[in-house]
A.B. asks: 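One structure, as structure tokens, below. Some questions next.
Residue numbering restarts at 1 for every chain, and letters A, B, ... go by the order of the sequence lines.
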Amino acid sequence: MRTILFRYQTTGLNPHEVALVGIAFSYKKHEAYYVPIPENKAGAALIINDLKPALENPKSIKIGQNIKYDILVMQNHGVKVQGQLFDTMIAHYLLHPSKKHKMDTMAETELNYSPVAIETLIGKKGKKQRSMKDIAPEKVKEYAGEDADITMQLKHTLYKQLKNEDLLKLAEEIEFPLIQVLADMEAAGIYMNPSTLSSFEKELEANIEKTVSKIYDIAGETFNIASPKQLGIILFEKLKVSDKPKLTKTKQYSTSEQELSKLKGKHEIINLILSFRSNSKLLSTYVKALPLLISKKTGRIHTSYNQAVASTGRLSSTNPNLQNIPIRTAEGKRIRKAFEPADQNHILLAADYSQIELRLIAHLSKDQAMLAAFNNNEDIHTATAAKIYEIPEKEVSREMRSNAKSANFGIIYGISAFGLSENLGISRSEAKQLIDGYFKTYPAVKDYMKANVDFARKHTYVETIFGRKRYLKDINSANSMVRSAAERNAINAPVQGTAADIIKIAMIKCAILLKENNLKTKMLLQVHDELVFDVPKEELKKVKILISEAMEHSAQLSVKLIVETGTGQNWLDAH
DNA sequence: GTATATTAC
DNA sequence: TCCTAGTAATATACC
């Protein structure tokens with residue numbers, strides 16, 4: 001049996017808060033049914049109760065567009081959707097990772113059909129837009145039925161295409177099973193202690209106020225420091241802090257952190273501007289914004305993972321983005337400290353892959369020197385420096401290690417002498433020498449990079465170990481800049497993408513293991529190479545081993561995968 | 001909506 | 001000499 005479920009929201013797009021207006025079903029193409037759900041709780045519960053067995057039947061396949069949303073909405077109505085999933089949005093993402101995956105456009109490109117827009121029903125976006133619950137069910141029926149039918153039709157064509165492109169395994173074994181794992185993570189949420197941030201908020205505000213008045217004093221006038229345009233004029237025309245200011249592509253003065261850092265010693269105002277910038281960023285993006293996203297219902301923060309945006313296969317996180325919580329600076333660390341376990345009986349466990357992308361380069365290139373460095377458990381950056389500079393590891397200076405580290409990262413990004421020189425603040429010829437030394441050290445890495453670019457030129461795509469593709473239409477472009485960018489993508493995508501595949505496999509394995517062992521531990525966050533768990537203290541010993549082994553054995557490579565774990569009463573201390 | 005800047009991996 | 005290091009999200013200014 002095939003089931004398609006559909007949903008309507010009243011209070012917006014947040015699946016944790018919306019009320020269900022109705023569900024549309026389709027079992028086969030060109031046929032659909034609509035079940036309106038009454039507003040009153042008792043009436044709704046009666047109907048949902050009737051639908052529950054079908055949705056919880058583990059033997060039927062559930063098809064939908066962005067099913068994670070439906071699963072979360074149903075979960076809030078007491079229905080635990082089970083069974084195999086097929087998501088048309090994700091299927092299309094696997095086929096065309098760099099395109100958009102909205103249902104209306106897919107209907108046009110895949111089915112040559114233009115569906116009725118939701119706006120014809122509820123009006124255009126804005127204050128006047130009506131809620132779905134205010135539309136007569138007879139009208140909703142037509143819209144919802146069409147929607148369900150289109151999803152069913154899309155499923156059929158996308159399934160065939162996945163099969164033809166050898167993407168079915170990736171879809172059925174990784175992406176579709178991951179949907180439920182992500183839904184559970186989002187539903188769990190993470191606890192954030194608002195009092196940790198409220199004291200920090202006052203400190204930051206006082207600090208910013210002081211900095212602002214100092215900047216006005218030095219500038220001799222008041223202006224909007226947050227406006228790059230106004231700031232540029234003050235810095236480069238009035239105060240003349242640089243002889244040849246760098247311009248942005250729109251010919252404005254560049255006031256980027258990178259450019260201002262170069263001018264640090266030139267003028268006392270620079271450090272004040274940098275301090276203003278970093279404090280304002282912390283205040284507006286994190287300290288003020290995060291507490292507003294604490295759910296009134298659960299008291300926790302529920303991020304949303306997007307499984308269909310990043311062209312390489314990575315996840316992304318929104319509302320809020322919990323994948324870019326600060327960690328590098330002392331001030332930033334205070335934000336990470338606010339994320340805590342559920343209660344005194346729990347502890348946060350963070351497990352992250354050590355150097356997964358470089359390890360993948362070692363595996364993919366089969367470079368003997370790099371493989372040996374990893375398999376001997378050496379510090380890869382120190383080992384790289386020793387080889388490049390032809391000295392024993394003991395004699396590697398901090399600067400040499402730092403150069404080697406930048407070169408290692410550069411390789412992952414598709415290195416260029418210009419990019420490396422900008423990153424390290426050295427000349428382009430010095431960067432060139434460093435790169436030459438690097439390729440002499442790891443010759444197979446150079447061959448691997450070239451092989452990837454050649455493959456891309458021939459096939460106009462590159463792929464990960466697990467067959468995830470990324471199309472590179474510009475790989476043969478006549479424009480050298482456009483072409484070079486595609487070449488860097490050809491090098492980066494298989495590496496970043498394989499790392500994404502591996503952690504997704506690990507997440508599915510972890511979820512299964514936690515369930516099989518009847519553990520109460522919950523997976524909360526994924527940050528590209530890291531997983532964060534909320535662990536009852538009595539489970540810690542067992543869970544730590546279970547998780548790290550599952551992660552380390554998610555792929556069989558010619559290089560060992562190493563997972564480092566940490567625990568703590570907050571996310572910072574768990575590192 | 002686009003540009004600029006900053007945060008993370 | 002031009003111009004370029006990979007992947008994201010969010011906040012603010014400015015049109």
A.B. asks: Report the nucleotide, chosen from dC9(B), dA8(C), dA5(B), that has the shortest atom-to-atom distance to any side-chain atom of K281(A).
C.D. replies: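 Nearest to the side-chain atoms of K281(A), counting from C-beta on, is dA5(B).
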A.B. asks: May I ask you to say what S406(A) touches in the nucleic acid, namely base, sugar-phosphate or nothing, with a heavy-atom cut-off under 4.0 Å?
C.D. replies: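 Here S406(A) touches the bases of the nucleic acid.
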A.B. asks: Could you check which of dA8(B), dA5(B), dT7(C) has an atom nearest any side-chain atom of T312(A)?
C.D. replies: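 For the T312(A) side chain, the nearest candidate turns out to be dT7(C).
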A.B. asks: Please determine, for the side chain of T255(A), which listed nucleotide (dA5(B), dC3(C), dT10(C)) has the closest atom?
C.D. replies: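 Side chain of T255(A) sits closest to dA5(B).
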A.B. asks: On the nucleotide dA8(B), are OP1 or OP2 found under 4.0 Å from the side-chain N or O atoms that R328(A) carries?
C.D. replies: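 For dA8(B), OP1 or OP2 has a side-chain N or O of R328(A) closer than 4.0 Å.
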A.B. asks: From CE of M449(A) over to P of dA5(C), roughly how many Å is that when rounded to an integer?
C.D. replies: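 After rounding, the gap between these two atoms is 15 Å.
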A.B. asks: May I ask you to say what L282(A) touches in the nucleic acid, namely base, sugar-phosphate or nothing, with a heavy-atom cut-off under 4.0 Å?
C.D. replies: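 Here L282(A) touches no strand at all.
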A.B. asks: Could you tell me whether A310(A) contacts a base, only the sugar-phosphate backbone, or nothing, with contacts defined as non-hydrogen atoms closer than 4.0 Å?
C.D. replies: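 Sugar-phosphate contact only - A310(A) comes under 4.0 Å of backbone atoms but never of a base.
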A.B. asks: Go through dA3(B), dC14(C), dT10(C) for me and flag the one nearest to the Q230(A) side chain.
C.D. replies: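 Closest nucleotide among those given: dC14(C).
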A.B. asks: Report which part of the nucleic acid Y286(A) touches: base, sugar-phosphate, or nothing (heavy-atom distance under 4.0 Å, all strands).
C.D. replies: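 Result for Y286(A) = sugar-phosphate.
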A.B. asks: Is R470(A) salt-bridged to E463(A), going by a charged N under 4.0 Å from an acidic O?
C.D. replies: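 So R470(A) does not pair with E463(A) through a salt bridge.
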A.B. asks: Using whole Å, what does the distance between atom P of nucleotide dT7(C) and atom CD1 of I356(A) come to?
C.D. replies: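 Rounded to the whole Å, the gap is 18 Å.
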A.B. asks: Expressed in whole Å, how much space separates the P atoms belonging to dA3(B) and dT4(C)?
C.D. replies: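 Rounded to whole Å, the distance is 14 Å.
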A.B. asks: Would you please classify the geometry between the H101(A) ring and the H92(A) ring as parallel, tilted or perpendicular, with 30° and 60° separating the classes?
C.D. replies: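 Perpendicular, since the angle between the ring planes exceeds 60°.
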A.B. asks: For V309(A), which contact category applies under a 4.0 Å heavy-atom criterion: base, sugar-phosphate, or nothing?
C.D. replies: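 The answer is sugar-phosphate, as V309(A) gets under 4.0 Å only of primed atoms, P, OP1 or OP2.
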A.B. asks: Quick check for you: among dA5(B), dA5(C), dG6(C), whose closest atom lies nearest to any side-chain atom of P228(A)?
C.D. replies: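 The answer is dA5(B).
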A.B. asks: Could you check whether N489(A) gets within reach of a base, just the sugar-phosphate, or nothing at all, counting any heavy atom under 4.0 Å?
C.D. replies: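 Sugar-phosphate: the residue N489(A), judged by heavy atoms under 4.0 Å, touches backbone atoms but no base.
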A.B. asks: Is N324(A) touching bases, backbone alone, or none of the nucleic acid, heavy atoms closer than 4.0 Å?
C.D. replies: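 Answer is base: heavy atoms of N324(A) come under 4.0 Å of a base.
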A.B. asks: Which whole-number value in Å describes the distance from E530(A) CD to dT7(C) P?
C.D. replies: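 Taking CD of E530(A) and P of dT7(C), I get 22 Å after rounding.
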A.B. asks: Any side-chain N or O of T318(A) below 4.0 angstrom from OP1/OP2 of dA9(C)?
C.D. replies: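 No, T318(A) has no side-chain N/O under 4.0 Å of OP1/OP2 on dA9(C).
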A.B. asks: Give a yes/no on whether any side-chain N or O of R470(A) is located under 4.0 angstrom from OP1 or OP2 of dT7(C).
C.D. replies: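 Answer yes for this pair, as a side-chain N or O of R470(A) is under 4.0 Å from OP1 or OP2.
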A.B. asks: Give one of base, sugar-phosphate or nothing for R483(A), where a contact means two heavy atoms less than 4.0 Å apart.
C.D. replies: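 R483(A): no heavy atom of the nucleic acid under 4.0 Å.
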A.B. asks: By the 4.0 Å heavy-atom rule, please label I412(A) as base, sugar-phosphate, or nothing.
C.D. replies: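 No contact.
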A.B. asks: What distance, rounded to whole Å, do you find between the two P atoms, one in dT4(B) and one in dA5(C)?
C.D. replies: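 dT4(B) and dA5(C) have their P atoms separated by 14 Å.
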A.B. asks: Near K509(A) NZ, under 6.0 Å, is it more than 12 heavy atoms from other residues, nucleotides or ligands?
C.D. replies: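 Counting neighbours around NZ of K509(A), more than 12 heavy atoms of other residues, nucleotides or ligands fall under 6.0 Å, so yes.
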A.B. asks: Taking only the side-chain heavy atoms of S316(A) (C-beta and beyond), determine which of dT7(C), dA5(B), dA8(C) contains the nearest atom.
C.D. replies: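 Closest nucleotide among those given: dA8(C).
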A.B. asks: Donor-acceptor pair under 3.5 Å: do we get one between R277(A)'s side chain and the base of dT6(B)?
C.D. replies: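 Answer is no: no donor-acceptor pair is held.
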A.B. asks: List the atom of G437(A), the atom of T441(A), and the distance in Å for their closest heavy-atom pair.
C.D. replies: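 Result for this residue pair: O-OG1, 2.8 Å.
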A.B. asks: Base, sugar-phosphate, or nothing: which does S254(A) touch, judged by heavy atoms less than 4.0 Å apart?
C.D. replies: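 Sugar-phosphate only.
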A.B. asks: Just checking S317(A): base, sugar-phosphate only, or nothing, at a heavy-atom cut-off of under 4.0 Å?
C.D. replies: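 Touches sugar-phosphate only.
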A.B. asks: Between dA11(C), dA8(B), dT10(C), which nucleotide has the shortest distance from any of its atoms to the side chain of I327(A)?
C.D. replies: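 Among the listed nucleotides, the one closest to the side chain of I327(A) is dA8(B).
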A.B. asks: Nearest to the side chain of R314(A), heavy atoms from C-beta on, is which of dA9(C), dG6(C), dT4(C)?
C.D. replies: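 Closest nucleotide among those given: dG6(C).
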A.B. asks: What contact category does S484(A) fall into here, base, sugar-phosphate, or nothing, at under 4.0 angstrom with non-hydrogen atoms?
C.D. replies: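 Answer is nothing: S484(A) stays at 4.0 Å or more from every strand.
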A.B. asks: Could you state the atom-to-atom distance from OH of Y93(A) to P of dA8(C) in whole Å?
C.D. replies: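 Value for this atom pair: 8 Å.
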A.B. asks: In Å and rounded to the nearest 0.5 Å, what is the CE to CH2 distance from M192(A) to W571(A)?
C.D. replies: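 Between atom CE of M192(A) and atom CH2 of W571(A) there are 12.0 Å.
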A.B. asks: Taking CH2 from W571(A) and P from dT7(B), how many angstroms apart are they, rounded to a whole number?
C.D. replies: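 So the CH2-P distance, W571(A) to dT7(B), works out to 16 Å.
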A.B. asks: Go through dA5(C), dT6(B), dT7(C) for me and flag the one nearest to the Q496(A) side chain.
C.D. replies: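 Selected nucleotide: dT7(C).
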A.B. asks: Using a cut-off of 4.0 Å on non-hydrogen atoms, how would the nucleic acid contact of D529(A) be classed: base, sugar-phosphate, or nothing?
C.D. replies: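 Result for D529(A) = sugar-phosphate.
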A.B. asks: Are E430(A) and S421(A) close enough, and set up right, to give a side-chain contact (heavy atoms from CB on, under 4.5 Å), and what steps lead you there?
C.D. replies: CA-CA 8 Å; E430(A) 285 171 304; S421(A) 68; over 6 Å; no
A.B. asks: How would you label the contact of G410(A) with the nucleic acid (heavy atoms, under 4.0 Å): base, sugar-phosphate, or nothing?
C.D. replies: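 Counting heavy atoms under 4.0 Å across all strands, the contact made by G410(A) includes a base.
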A.B. asks: Using atom CD1 of I335(A) as one end and atom C1' of dT6(B) as the other, report the distance to the nearest whole Å.
C.D. replies: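 In whole Å, dT6(B) C1' lies 12 Å from I335(A) CD1.
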A.B. asks: Distance only, no hydrogens: is a donor on one side chain within 3.5 Å (strictly under) of an acceptor on the other, for S477(A) and D474(A)?
C.D. replies: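 Short answer, no.
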A.B. asks: Are any of S311(A)'s side-chain N or O atoms less than 4.0 Å away from OP1 or OP2 of dA8(C)?
C.D. replies: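 Yes, S311(A) has a side-chain N/O under 4.0 Å of OP1/OP2 on dA8(C).
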A.B. asks: When you measure from the side chain of K229(A), which nucleotide among dT10(C), dC14(C), dA8(B) comes out closest?
C.D. replies: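 That would be dC14(C).
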A.B. asks: With a 3.5 Å cut-off and no angle check, do the side chains of T464(A) and D501(A) form a donor-acceptor pair?
C.D. replies: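 Checked: T464(A)/D501(A) side chains pair up, N/O donor to acceptor below 3.5 Å.
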A.B. asks: Measure from CZ on F236(A) to P on dT4(B) and round the result to the nearest Å.
C.D. replies: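 Going from F236(A) (CZ) to dT4(B) (P), I get 14 Å.
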